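Values below: all heavy atoms of this structure, side chains included; hydrogens, waters and symmetry mates excluded. This is a predicted model, so every value here is computed, not measured. Atoms within a ligand are numbered from 1 in the order they appear, just like the ligands themselves.
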Amino acid sequence: MEANIVTTTPFNDQKPGTSGLRKKVRTFQQPHYLENFVQAIFDTQDGLVGGTLVVGGDGRYYNREAIQIILRMAAANGVATALVGQGGILSTPAASCIIRKYRTQGGIILSASHNPGGPDEDFGIKFNIGAGGPAPESVTAAIYARTREIDRYLTIDADPIDLDQIGAATLGAMRVEVIDAVADYAALMESLFDFNAIHQLFNSGAFRMCFDAMHAVTGPYAVEILENRLGAPPGTVINGTSLPDFGGGHPDPNLVHAHAIVELTQGAGGLDFAAASDGDGDRNMILGKGCFVTPSDSLAILAANAHLTPGYSQGVAGIARSMPTSQAADRVAEALGVDCFETPTGWKFFGNLLDAGRITLCGEESFGTGSNHVREKDGLWAVLFWLNLLAARHLSVAEILGEHWVRFGRNYYTRHDYEGVDSAAAEGLMDHLHRLLPDLPGYQLGAYRVAYADDFSYTDPIDGSVATGQGLRIGMEGGSRIVFRLSGTGTAGATLRVYIEQYESDPARHHEPVQEALGPLILIARELAQIEARTGRNAPDVVT
Ligand code: G1P
Ligand code: ZN
């Protein structure tokens with residue numbers, strides 16, 4: 001079948017952010033908008049011609065339409081085979097799993113992660129490379145450059161593929177295989193964790209849990225793995241039906257947006273364990289009875305206990321965390337005698353370290369944890385890892401957490417987000433801080449003396465690539481830190497993120513309320529950045 005060549009002109013706003021291109025649905029629905037970006041992928045990723053491409057998304061509004069457009073363009077651009085998740089669904093970690101397992105040349109994932117979905121909400125697209133991870137900066141830069149000069153795209157005339165029927169079809173000269181979205185991923189999980197032990201934990205009758213799929217992509221994955229394979233009681237998974245608008249919710253598993261399960265763990269009759277995942281299934285939140293495990297602590301605890309699971313019985317080769325993530329993992333790495341890498345925000349910076357075998361586990365404070373099993377963070381994986389630890393150690397979540405702090409000390413940690421801030425005001429605030437940096441070292445801020453202050457940049461130890469401008473760090477003597485950065489995933493205005501951390505070695509002081517323990521540093525951060533004067537905000541919108 002002859003490809004149609006459609007004339008187009010560039011859009012000037014197709015620069016991928018922290019995790020792909022994210023815009024309002026209506027932006028993507030403009031004629032040629034999605035097509036231009038997709039063609040820029042095909043024009044720059046030669047391996048896709050004659051190769052296999054994985055396509056799937058988190059099921060949000062416009063997912064199915066976008067997949068049909070992408071499949072027709074893939075056929076026109078000479079892709080030999082497309083693997084598509086049934087119903088157009090693939091969680092981000094499942095897509096990574098499938099890209100790797102079938103040794104494909106890459107994948108296109110449609111998601112705006114934890115951002116709300118619906119006709120007036122967000123949509124997103126990102127390209128993952130053959131190793132299964134988000135495209136590195138060199139690739140996203142090439143795709144972006146191509147979008148700036150694009151003048152045509154290729155497509156074919158063809159009827160839509162039936163995405164709901166598992167099986168093979170042809171689209172032009174391309175083979176389309178609609179595959180089970182869950183099976184490969186579930187098999188991978190079964191190879192990593194002690195399903196028998198977790199099964200027994202559920203069977204004991206003494207353990208009660210809940211998983212909130214937030215009406216997003218993990219519903220079918222969680223039902224199959226937790227309820228069908230591991231024998232958790234039916235109803236363990238709540239909000240398990242994936243909906244295009246996530247039921248009107250904000251599918252971000254944190255203390256604010258997933259507060260319903262926080263409630264379920266409170267009080268005398270609270271659940272022993274609760275967890276949630278986000279829109280595309282790569283984030284996780286872990287709760288125990290009356291306690292919340294910060295993602296930073298979760299990474300450190302998984303690393304310290306990894307040898308108790310079948311998949312990581314050899315322990316970890318190294319750990320990586322994003323720069324704003326607390327330094328709890330660093331202490332574990334030190335005790336284990338392995339490297340700990342500090343990378344810029346965004347999962348793409350872990351890929352090289354994982355490929356090179358330098359690290360086994362990695363994570364971000366933003367509710368992302370993962371390992372070398374795929375090249376994305378993985379929500380359900382983190383939940384299963386915790387279940388495996390609970391089954392192996394016969395301790396509660398709070399006991400594991402408390403014991404970890406006694407052994408390694410506690411890194412008190414919080415993140416304050418100021419959302420929808422005027423972009424110019426946010427830039428002005430960052431410029432102001434930037435100007436302060438050179439004078440800060442040696443300066444006394446309240447009870448803290450500044451040890452260093454810099455604009456974080458990172459040189460990849462594997463390929464030598466350099467990423468600059470990755471957030472402002474103000475480190476105090478004794479290890480406390482304040483970090484400022486602007487979000488790279490938003491679609492309207494600017495979001496200022498302020499990350500605050502303080503180390504406490506004394507077990508007698510491990511159980512203070514977090515915001516109180518960090519109170520003085522929080523105040524210093526606000527005043528230093530002139531947050532109220534510059535943004536008009538006297539309190540953050542989201543505190544995690
Ligand atoms: C946010 C998180 C970051 C994560 C990204 C994608 O990016 O902070 O850790 O990798 O979402 O899930 P940000 O909006 O801060 O750029
Ligand atoms: Zn996500």
Problem - Residues E364, R497: salt bridge by 4.0 Å N-O rule - result: no
Exercise for the section: Examine D278 and say whether one of its N/O/S atoms is closer to the Zn ion (ligand 2) than 2.8 Å. Expected result: yes
Practice task
Taking the six-membered ring for Trp and the single ring otherwise, decide whether the centroids of Y62 and F28 are under 6.0 Å apart.
Solution key: no
Practice task
Please write down residue, atom name and distance for the protein heavy atom closest to atom 7 (O) of ligand 1.
Solution key: T489 CG2, 3.5 Å
Handout entry: ligand 1 N/O within reach of R283 N/O, cut-off under 3.5 Å
Key = yes
Exercise for the section: Please work out whether the ring planes of W381 and H373 are parallel, tilted or perpendicular, with thresholds of 30° and 60°. Expected result: parallel
Exercise for the section: Is it possible for you to check whether R415 lies under 6.0 Å from the centre of the six-membered ring of Y413, through NZ or CZ, and within 45° of that ring's axis? Expected result: no
Problem - Ion pair check, K23 and D122, cut-off under 4.0 Å - result: no
Practice task
Using a cut-off of strictly less than 2.8 Å, determine whether S113 has an N/O/S atom near the Zn ion (ligand 2).
Solution key: yes
Fill in the blank from the handout: The option among R485, H114, E365, K377 carrying the non-hydrogen atom nearest to atom 6 (C) of ligand 1 is K377
Handout entry: Distance-only N or O hit between ligand 1 and Y499, under 3.5 Å
Key = no
Practice task
Please verify whether a non-hydrogen atom of S322 lies at under 4.0 Å from ligand 1.
Solution key: no
Handout entry: For R497, the ligand 1 atoms whose distance to one of its heavy atoms is below 4.0 Å
Key = 8 (O), 13 (P), 14 (O), 15 (O)
Problem - Identity and separation of the nearest protein heavy atom to atom 9 (O) of ligand 1 - result: S366 OG, 2.6 Å
Exercise for the section: Check for a donor-acceptor pair, side chain of S296 on one end and backbone N or O of E365 on the other, with a separation under 3.5 Å. Expected result: no
Exercise for the section: Would you kindly specify which portion of R415 sits under 4.0 Å from ligand 1, judged on non-hydrogen atoms: side chain, backbone, both or neither? Expected result: side chain
Practice task
Indicate yes or no: does D120 engage K24 in a salt bridge with an N to O separation below 4.0 Å.
Solution key: no
Practice task
Provide, to 0.1 Å, the distance between atom 10 (O) of ligand 1 and the closest protein heavy atom, together with that atom's residue and name.
Solution key: E364 OE1, 2.6 Å
Exercise for the section: Look at K126 together with E376 and state whether they make a salt bridge at an N to O cut-off of under 4.0 Å. Expected result: yes
Handout entry: G488: numbered ligand 1 atoms lying under 4.0 Å from its heavy atoms
Key = 13 (P), 14 (O), 16 (O)
Handout entry: Residues E137, K348: salt bridge by 4.0 Å N-O rule
Key = yes
Exercise for the section: Could you tell me whether S487 and ligand 1 have an N or O pair separated by under 3.5 Å? Expected result: yes
